Peer 1: 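My structure is below; once you've seen it, I'll send some questions.
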Amino acid sequence: MRMSQYFLPTLKENPAEAQIVSHRLMLRAGLVRQTSAGIYAWLPLGLRVLKNIERIVREEQDAAGAQEVLMPTIQSADLWRESGRYNAYGPEMLRFKDRHDREMLFGPTNEEMITVLFRDGVKSYRDLPKNLYHIQWKFRDEVRPRFGVMRGREFLMKDNYSFDIDRAGAIRSYNNMFVAYLRTFARMGLKAIPMRADTGPIGGDLSHEFIILAETGESAVFCHKGLVDKDILGRAIDYASDLQPIVNEWTSLYAATDEKHDKDAFEKIPEGERLAARGIEVGHIFNFGTQYSKPMNAVVAGPGGEQITVEMGSYGIGVSRLVGGIIEASHDAAGIVWPESVAPFKVAIVNLKPDDGPVSGACVKLYEALQAKGVEVLHDDRDLRPGAKFADMDLIGTPWQIIIGPKGLAAGKVELKNRRTGAREELPIDQLMQQFG
RNA sequence: CGGGGCGUAGCGCAGUCUGGUAGCGCGUCUGCCUUGGGCGCAGAAGGUCGUCGGUUCAAAUCCGGCCGCCCCGACCA
């Protein structure tokens with residue numbers, strides 16, 4: 001993308017309404033604009049990040065055996081009357097009537113809808129297990145939306161639902177998602193720690209929240225330090241095998257949110273290995289047994305022809321929240337520092353002297369060569385002073401900056417800067433191509 | 001939902017107490033200059049002062065209603 005043509009409105013000053021760093025940087029770097037309290041429009045740069053996060057979530061869900069569907073944002077009130085939640089759910093649910101006076105709602109979650117889809121489509125134990133997910137916009141009319149996309153009213157969420165014949169199967173499904181979540185967040189450069197959590201109004205008996213540590217987190221969390229740097233990506237994972245040992249490895253060390261915090265257990269950890277911090281919830285997994293399948297009569301025929309109520313679980317990842325969460329976890333005084341896996345552009349070319357023929361020629365040639373190789377590259381061809389370009393580029397946080405100016409070019413070299421470390425090196429252009437091949 | 005604050009140019013703010021020509025910085029546009037970390041000079045555009053009503057010769061300013069936004073708390077499958 002040529003920056004001179006890109007819709008990228010960056011701001012030099014912090015908007016007054018933004019208090020936390022991720023919100024400020026998202027506005028300043030031109031990722032989003034607020035349109036109402038807790039409701040945001042995604043601009044081109046922000047949308048690229050959102051799509052990258054979505055892609056990683058999707059790849060890991062697919063790998064773990066979940067199948068993608070897409071359910072609507074609008075649901076009927078009758079559906080929710082079936083589970084008994086229409087009246088139980090509070091004013092966070094946005095309710096309205098259509099032109100025929102039918103009661104509708106903007107979905108805050110999809111347990112009811114998925115249960116009906118499952119119930120109507122699966123009749124035999126032989127078709128189990130099933131695990132269906134979708135990535136769809138949700139609306140919850142929060143009393144007090146805040147912190148930008150971290151607690152918006154409209155937000156993008158991956159939610160999925162597992163259906164098993166018995167509890168043992170449900171636990172296998174739960175463990176699959178547990179490991180898939182570890183991988184998902186790790187791939188985004190996050191250190192997400194699974195913590196025992198309250199199941200809340202959704203009910204159930206087995207639940208973990210995946211928390212990333214950040215000063216501005218909404219909840220207080222307590223855990224063993226050993227969990228912070230545990231690595232999942234180095235492991236070969238076979239979702240067909242029993243993943244309980246891996247789950248045990250993570251759950252045997254203490255980790256809990258304040259609702260579930262056990263002070264005595266925490267203090268048994270040697271003092272140097274205790275970690276009391278604040279965290280952001282980016283994922284939450286539940287096993288809730290037959291809480292929805294029972295009232296909604298989601299049953300399958302068992303081997304002996306008997307009717308068996310299926311065991312369910314649900315699993316959520318806050319996709320739009322992750323954009324803010326990743327920034328909270330990865331920024332510096334100059335701006336955002338994107339992990340490569342989610343960066344809107346992997347590399348940026350900074351043309352220091354656009355009115356210099358050889359310099360611009362080299363920039364364009366490199367830009368086209370990188371594009372031809374499928375590298376996501378942003379070319380700053382704007383007629384601005386170098387300082388302004390450097391400031392913008394650091395703000396939007398492209399992991400690599402290729403800086404091309406007349407001095408270096410005369411020596412046949414360009415400069416490569418790593419956004420995270422600030423390290424720079426001078427390289428001949430063809431060597432650069434190898435690096436991004 | 002309880003408490004607090006704010007609404008004046010694209011962004012950040014002053015002006016409101018004490019009513020009398022709507023300002024500043026940044027950004028934007030034009031020209032010149034400059035070109036390795038938001039450079040400099042000159043000129044310009046841009047505002048129903050959130051909204052509705054009241055008081056007054058006169059309202060950004062005083063009074064009232066409404067709307068919107070932010071912060072703390074409670075809440076948050």
Side-chain angles (χ1 to χ4, degrees), chain A residues 9-20 23-24 27-28 30 33-39 80 83 85 88-93 107-114 138-148 150-153 155 157-161 197-204 207 209 216 218-219 257-259 280-281 283-288 291-292 312-318 321 333-335 350-356 359-360 380 382-395 401-410 413-415 417 422 424 426:
Chain A
T10 59
L11 302 171
K12 228 167 147 176
E13 292 178 90
N14 285 322
E17 78 267 16
Q19 300 297 316
I20 65 166
H23 191 194
R24 283 190 198 141
L27 293 168
R28 286 190 51 209
R33 286 294 181 263
Q34 181 170 338
T35 60
S36 301
I39 302 180
W80 283 64
S83 69
R85 273 211 293 183
Y89 214 98
E92 295 78 43
M93 183 150 77
T109 178
N110 286 65
E111 279 85 1
E112 283 79 1
M113 188 172 279
I114 198 79
K138 307 290 190 288
F139 193 91
R140 293 181 195 169
D141 199 357
E142 301 276 354
V143 201
R144 180 149 96 87
R146 61 188 127 165
F147 305 148
M150 304 275 281
R151 180 166 289 281
R153 293 195 293 169
F155 57 97
M157 179 170 171
K158 186 282 300 179
D159 45 322
N160 60 319
Y161 306 90
D198 235 352
T199 49
I202 199 169
S207 174
E209 284 182 15
T216 45
E218 287 195 272
S219 36
T257 59
D258 53 355
E259 298 92 11
I280 299 165
E281 178 189 346
H284 200 161
I285 61 179
F286 294 89
N287 169 262
F288 48 69
Q291 178 162 337
Y292 294 93
M312 291 177 62
S314 81
Y315 317 88
I317 290 179
R321 171 181 286 185
V350 181
N351 181 342
L352 288 183
K353 204 161 178 191
D355 61 357
D356 180 294
V359 169
S360 287
D380 191 351
R382 298 174 302 171
D383 185 20
L384 291 178
R385 295 178 58 80
K389 295 188 170 190
F390 291 136
D392 265 345
M393 210 49 84
D394 286 350
L395 176 64
Q401 298 171 12
I402 299 168
I403 299 159
I404 303 184
K407 287 178 204 163
L409 198 63
K413 290 188 172 174
V414 297
E415 187 175 312
K417 176 182 158 184
R424 302 146 180 272
E426 298 219 320

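We name chains A, B, ... by the order of the sequence lines, and we start the count at 1 in each one. As the structure is a prediction and not an experimental result, all values here were calculated from the model. The figures here come from the full heavy-atom set of this structure, side chains too, leaving out hydrogens, waters and symmetry mates.
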Peer 1: Take the protein atom CZ of A:F390 and the nucleotide atom C1' of B:rC39, then report the distance between them rounded to whole Å.
Peer 2: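 That distance rounds to 14 Å.
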Peer 1: Assess whether a salt bridge exists between A:K389 and A:D383, defined as any Lys/Arg side-chain N lying under 4.0 Å from an Asp/Glu carboxylate O.
Peer 2: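 Result for this pair is no, no salt bridge flagged.
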Peer 1: Heavy atoms from C-beta onward define the side chain here; which of B:rG36, B:rC1, B:rG38 lies closest to that of A:A388?
Peer 2: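 That would be B:rG38.
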Peer 1: If I pick the C1' atom on B:rU35 and the same atom on B:rU21, what distance separates them, to the nearest angstrom?
Peer 2: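 Approximately 43 Å lies between the C1' atom of B:rU21 and that of B:rU35.
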Peer 1: Which value, in whole Å, describes the distance between the P atoms of nucleotides B:rU48 and B:rC11?
Peer 2: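 Their P atoms lie roughly 14 Å apart.
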Peer 1: A:Q34 has a side chain; which of B:rC69, B:rG38, B:rA74 sits nearest to it?
Peer 2: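 Per side-chain heavy atoms of A:Q34, the pick is B:rC69.
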Peer 1: Just to verify, what does A:E281 make a salt bridge (charged side-chain N to carboxylate O under 4.0 Å, His left out) with, not counting sequence neighbours?
Peer 2: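 Residues passing salt bridge (charged side-chain N to carboxylate O under 4.0 Å, His left out) with A:E281: none at all.
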Peer 1: Would you mind reading off the distance between A:R151 atom CZ and B:rC75 atom C1', rounded to a whole angstrom?
Peer 2: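 Distance, rounded to whole Å: 9 Å.
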Peer 1: Return the minimal non-hydrogen interatomic distance between A:N351 and A:P354, and the atom names on each side.
Peer 2: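 Residues A:N351 and A:P354, closest heavy atoms: OD1-N, 3.3 Å.
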Peer 1: So, A:E92 and A:R153, do they make that salt bridge, N to O below 4.0 Å?
Peer 2: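 A salt bridge is absent here (no side-chain N lies under 4.0 Å from a carboxylate O).
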Peer 1: Distance between the C1' atoms of B:rA60 and B:rG23, in whole angstroms?
Peer 2: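 The answer is 12 Å between these two C1' atoms.
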Peer 1: Quick one: look up who B:rC75 pairs with, Watson-Crick or G-U, both distances under 3.5 Å, and put none if it's unpaired.
Peer 2: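 For B:rC75, the partner nucleotide comes out as none, under the 3.5 Å rule.
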Peer 1: Between B:rG12, B:rU35, B:rG38, which one does the side chain of A:P386 approach most closely?
Peer 2: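 Closest nucleotide among those given: B:rU35.
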Peer 1: Between A:G38 and A:E426, which has a closest nucleotide on RNA chain B that is more 5'?
Peer 2: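 The residue whose closest nucleotide sits nearer the 5' end is A:E426.
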Peer 1: Using whole Å, what does the distance between atom P of nucleotide B:rC76 and atom CZ of A:F286 come to?
Peer 2: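 Distance, rounded to whole Å: 12 Å.
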Peer 1: Send over the distance from A:K407 NZ to B:rG36 C1', rounded to a whole Å.
Peer 2: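 That distance rounds to 6 Å.
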Peer 1: Any side-chain donor paired with an acceptor under 3.5 Å for A:Q401 and A:D380?
Peer 2: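 Result is no, nothing qualifies.
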Peer 1: Measuring only the C1' atom in each nucleotide, how far is B:rC71 from B:rC24? A whole number of Å is fine.
Peer 2: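 Rounded to whole Å, the distance is 27 Å.
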Peer 1: Determine whether a donor-acceptor pair (N or O, by modelled atom type, separation under 3.5 Å) exists between the side chain of A:Y315 and the backbone of A:G283.
Peer 2: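 Between the backbone of A:G283 and the side chain of A:Y315 there is no qualifying donor-acceptor contact (under 3.5 Å).
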Peer 1: Of all the nucleotides listed (B:rC69, B:rC71, B:rG36), which has the minimum atom distance to the side chain of A:A37?
Peer 2: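 Selected nucleotide (nearest to the side chain): B:rC69.
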Peer 1: Let's test your reading of the model: under 3.5 Å, does the base of B:rG38 pair with the side chain of A:R382 as donor and acceptor?
Peer 2: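 No, no donor-acceptor pair under 3.5 Å.
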Peer 1: Have a look at A:R424 and say if it touches a base, only the backbone sugar-phosphate, or nothing, with a 4.0 Å heavy-atom cut-off.
Peer 2: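 Result for A:R424 = base.
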Peer 1: Which nucleotide, if any, forms a Watson-Crick or G-U wobble pair with B:rG38, using both distances under 3.5 Å?
Peer 2: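 Check on B:rG38: unpaired, no WC or wobble geometry under 3.5 Å.
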Peer 1: B:rG5 P sits how many Å from A:R146 CZ, rounded?
Peer 2: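 It works out to 19 Å between those atoms.
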Peer 1: Separation of A:H23 atom NE2 from B:rC71 atom P, in whole Å?
Peer 2: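 From A:H23 NE2 to B:rC71 P: 8 Å.
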Peer 1: Can you tell me which nucleotide in B:rG12, B:rC72, B:rG38 comes closest to the side chain of A:A16?
Peer 2: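 Looking only at heavy atoms from C-beta outward on A:A16, the closest nucleotide is B:rG12.
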Peer 1: Applying a 3.5 Å limit to both distances, which nucleotide forms a Watson-Crick or G-U wobble pair with B:rU61?
Peer 2: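 B:rU61 is unpaired by these criteria.
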Peer 1: Tell me which nucleotide among B:rC11, B:rG38, B:rG36 gets nearest to the side chain of A:D392.
Peer 2: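 Selected nucleotide: B:rG38.
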Peer 1: Out of B:rC76, B:rG12, B:rG36, which has the shortest distance to the side chain of A:E142?
Peer 2: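 Of all the options, the side chain of A:E142 is nearest to B:rC76.
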Peer 1: Quantified in whole Å, what is the P atom distance between nucleotide B:rU61 and nucleotide B:rA22?
Peer 2: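 One P to the other, the span is 13 Å.
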Peer 1: For B:rC57 versus B:rC66, give the span between their C1' atoms, rounded off to a whole number of Å.
Peer 2: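 Nearest-Å result for B:rC57 against B:rC66 at atom C1': 29 Å.
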Peer 1: Starting from the 5' end of RNA chain B, give me the residue, A:L11 or A:E259, whose nearest nucleotide shows up first.
Peer 2: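 That would be A:L11.
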Peer 1: For B:rG37, does the base pair up with any side-chain atom of A:D394 as donor and acceptor (N or O, under 3.5 Å, distance only)?
Peer 2: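 Yes.
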Peer 1: Polar atoms only, N or O, under 3.5 Å: list the protein pairs with nucleotides 22-27 of chain B and their distances.
Peer 2:
| unit_1 | atom_1 | unit_2 | atom_2 | d |
| --- | --- | --- | --- | --- |
| B:rG25 | N2 | A:E13 | OE2 | 2.8 |

Peer 1: Please report, rounded to the nearest Å, how far the P atom of B:rG36 is from the CG atom of A:D356.
Peer 2: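 Rounding to the nearest Å, CG of A:D356 and P of B:rG36 are 12 Å apart.
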Peer 1: Under 3.5 Å, side chain of A:R424 to main-chain N/O of A:E415, donor-acceptor pair present?
Peer 2: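 Pair absent, no side-chain N/O of A:R424 close to backbone of A:E415.
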Peer 1: Is A:K138 touching bases, backbone alone, or none of the nucleic acid, heavy atoms closer than 4.0 Å?
Peer 2: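 No contact at all - A:K138 keeps every heavy atom at 4.0 Å or more from the nucleic acid.
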Peer 1: Please determine whether any donor N or O and acceptor N or O are separated by less than 3.5 Å between the side chain of A:R385 and the base of B:rU35.
Peer 2: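 No, the side chain and the base share no sub-3.5 Å donor-acceptor pair.
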Peer 1: Across the strands shown, which category fits A:R153 at heavy-atom distances under 4.0 angstrom: base, sugar-phosphate, nothing?
Peer 2: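 No contact at all - A:R153 keeps every heavy atom at 4.0 Å or more from the nucleic acid.
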Peer 1: Can you tell me, in whole Å, how much space there is between the C1' of B:rC26 and that of B:rC17?
Peer 2: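 It works out to 29 Å between them.
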Peer 1: To the side chain of A:D355, which of B:rG12, B:rU35, B:rC1 is closest?
Peer 2: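 Nearest nucleotide to the side chain: B:rU35.
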Peer 1: Determine the interplanar angle of the A:F286 and A:H284 rings, folded into 0 to 90°, and report it as parallel if under 30°, tilted if 30 to 60°, perpendicular if over 60°.
Peer 2: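 Rings of A:F286 and A:H284: parallel, under 30°.
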Peer 1: Just checking, any donor-acceptor pair under 3.5 angstrom between side chains of A:S83 and A:E112?
Peer 2: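 Yes.
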Peer 1: Partner of B:rG7 by Watson-Crick or G-U wobble geometry, both contacts under 3.5 Å, or none?
Peer 2: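 Per the H-bond distance test, B:rC67.
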Peer 1: Say we look at B:rG46 and B:rC63: how far apart would their P atoms be, to the nearest angstrom?
Peer 2: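 That atom pair is separated by 33 Å.
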Peer 1: Strictly distance-based, threshold 3.5 Å: is any side-chain N or O of A:R146 a donor or acceptor partner for the main-chain N or O of A:R151?
Peer 2: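 Side chain of A:R146 to backbone of A:R151: no pair is present.
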Peer 1: So, OP1 or OP2 of B:rC76: does either fall under 4.0 Å of a side-chain N or O from A:R144?
Peer 2: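 Indeed not, no polar side-chain atom of A:R144 lies that close.
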Peer 1: Between A:N351 (CG) and B:rG36 (P), how many Å, whole number?
Peer 2: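 Distance, rounded to whole Å: 13 Å.
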Peer 1: Is it true that A:S314 and A:N160 share a donor-acceptor pair across their side chains at a distance under 3.5 Å?
Peer 2: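 No, A:S314 and A:N160 have no side-chain donor paired with an acceptor closer than 3.5 Å.
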Peer 1: Any strand counts, and the cut-off is 3.5 Å on both contacts for Watson-Crick or G-U wobble. Which nucleotide pairs with B:rC29?
Peer 2: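 Paired with B:rG43.
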